Q: 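If you scroll down you'll find the structure; I have some questions about it.
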Amino acid sequence: MVASKKTKKAMESINSRLALVMKSGKFVIGYRSTLKSIRQGKSKLIIIANNTPALRKSEIEYYCMLAKVGVHHYSGSNIDLGTACGKYFRVGCLCITDPGDSDIIRSMPSE
């Protein structure tokens, strides 16, 4: 019970930070656009849904390792990630290029 309460609180903090990025920052949604952004060196943080296919997930992680970009594995599905972004569609992966007013990039490595 304690663990589930902790993960729920962490999920809420991620969702609130993500909402702030959507409002004040710059981001790219989608697999192909995310890879393009990583290759161009614009990305600061990548968020991947937990039901993203393994091959796709490992390819994104590999690109991030080469570009020295942080990766966060979102604990919800792509439907949950889309809802957290305030979109009415599924979001498999998301690239944050400018966090805006949010402190999401500083807070992610600690979690």
Side-chain angles (χ1 to χ4, degrees):
M1 168 128 181
V2 176
S4 67
K5 198 171 188 180
K6 189 175 181 183
T7 56
K8 189 175 181 186
K9 189 167 185 176
M11 184 104 153
E12 285 174 5
S13 73
I14 292 164
N15 288 352
S16 62
R17 288 185 178 117
L18 206 50
L20 194 56
V21 169
M22 296 297 136
K23 195 173 271 189
S24 66
K26 289 187 176 144
F27 59 93
V28 173
I29 291 175
Y31 171 69
R32 290 172 61 192
S33 306
T34 298
L35 287 184
K36 214 177 277 185
S37 176
I38 295 169
R39 276 190 234 117
Q40 291 171 350
K42 294 179 180 176
S43 50
K44 304 271 192 291
L45 177 71
I46 308 296
I47 300 173
I48 306 173
N50 70 351
N51 64 341
T52 304
L55 184 66
R56 187 171 281 198
K57 197 181 284 190
S58 63
E59 187 178 358
I60 292 170
E61 288 169 351
Y62 179 69
Y63 271 98
C64 289
M65 185 256 318
L66 291 175
K68 296 182 176 76
V69 177
V71 180
H72 176 72
H73 295 281
Y74 190 75
S75 53
S77 68
N78 55 0
I79 298 169
D80 298 332
L81 184 56
T83 305
C85 293
K87 306 295 180 195
Y88 294 108
F89 48 84
R90 297 171 294 198
V91 175
C93 59
L94 166 80
C95 168
I96 297 171
T97 54
D98 176 35
D101 299 331
S102 178
D103 63 339
I104 194 165
I105 292 169
R106 285 189 298 269
S107 65
M108 283 302 149
S110 64
E111 289 176 11

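Because the structure is predicted, anything quoted here is derived from the model rather than measured.
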Q: Among all residues two or more places apart in sequence or in another chain, which pass the side chain to side chain donor-acceptor pair (under 3.5 Å) test with Glu61?
A: His73
Q: Please name all residues satisfying side chain to side chain contact (heavy atoms under 4.5 Å, CB included) with Tyr88, sequence neighbours left out, ordered by chain then number.
A: none
Q: Taking a hydrophobic cluster as the set of Ile, Leu, Val, Met, Phe, Trp and Tyr residues connected by side-chain heavy atoms closer than 4.5 Å, whether directly or through intermediates, do Met22 and Leu81 fall within one such cluster?
A: yes
Q: Between Ile47 and Leu45, is a side-chain contact (heavy atoms from CB on, under 4.5 Å) present by the stated rule, with each step listed?
A: CA-CA 7 Å; Ile47 300 173; Leu45 177 71; 4.3 Å; yes
Q: For residues Phe27 and Tyr74: do they belong to one hydrophobic cluster (side chain heavy atoms under 4.5 Å, members Ile, Leu, Val, Met, Phe, Trp, Tyr)?
A: yes
Q: What distance separates Ile48 CD1 from Thr34 OG1, expressed to the nearest 0.5 Å?
A: 8.5 Å
Q: If you count heavy atoms of other groups shown closer than 6.0 angstrom to NZ of Lys42, is the number above 12?
A: no
Q: Between Ser58 and Leu55 (side chain of the first, backbone of the second, donor and acceptor by atom type, cut-off under 3.5 Å), is there such a pair?
A: yes
Q: Would you compute the distance between atom OG of Ser75 and atom CG of Asn15 and round it to the nearest 0.5 angstrom?
A: 8.0 Å
Q: Determine whether a donor-acceptor pair (N or O, by modelled atom type, separation under 3.5 Å) exists between the side chain of Ser33 and the backbone of Gly30.
A: no
Q: Got a sec, which residues hit side chain to side chain contact (heavy atoms under 4.5 Å, CB included) with Ala67, two or more places apart in sequence or on another chain?
A: Ile38, Val69
Q: Excluding sequence neighbours, so at least two apart, what forms side chain to side chain contact (heavy atoms under 4.5 Å, CB included) with Arg56?
A: Tyr31, Thr52, Pro53, Ile60
Q: Measure the spacing between CZ of Arg32 and CG of Leu35 and express it to the nearest 0.5 Å.
A: 9.5 Å
Q: Given side-chain contact (heavy atoms from CB on, under 4.5 Å), test Ile14 with His72 step by step and report yes or no.
A: CA-CA 10 Å; Ile14 292 164; His72 176 72; 3.4 Å; yes
Q: Sequence neighbours left out, what passes side chain to side chain contact (heavy atoms under 4.5 Å, CB included) with Ser77? Give chain and number order.
A: Asn50, Asn51, Ile79, Asp80
Q: Going by heavy atoms in the side chains, are Lys87 and Ile29 under 4.5 Å from each other?
A: yes
Q: Please tabulate, for side-chain N and O atoms in residues 89-105, each donor-acceptor pair with protein atoms closer than 3.5 Å (sequence neighbours left out).
A:
residue	atom	partner	partner atom	Å
Thr97	OG1	Lys26	O	3.1
Ser102	OG	Arg17	O	3.3
Ser102	OG	Ile104	N	3.2
Asp103	OD1	Arg17	NE	3.0

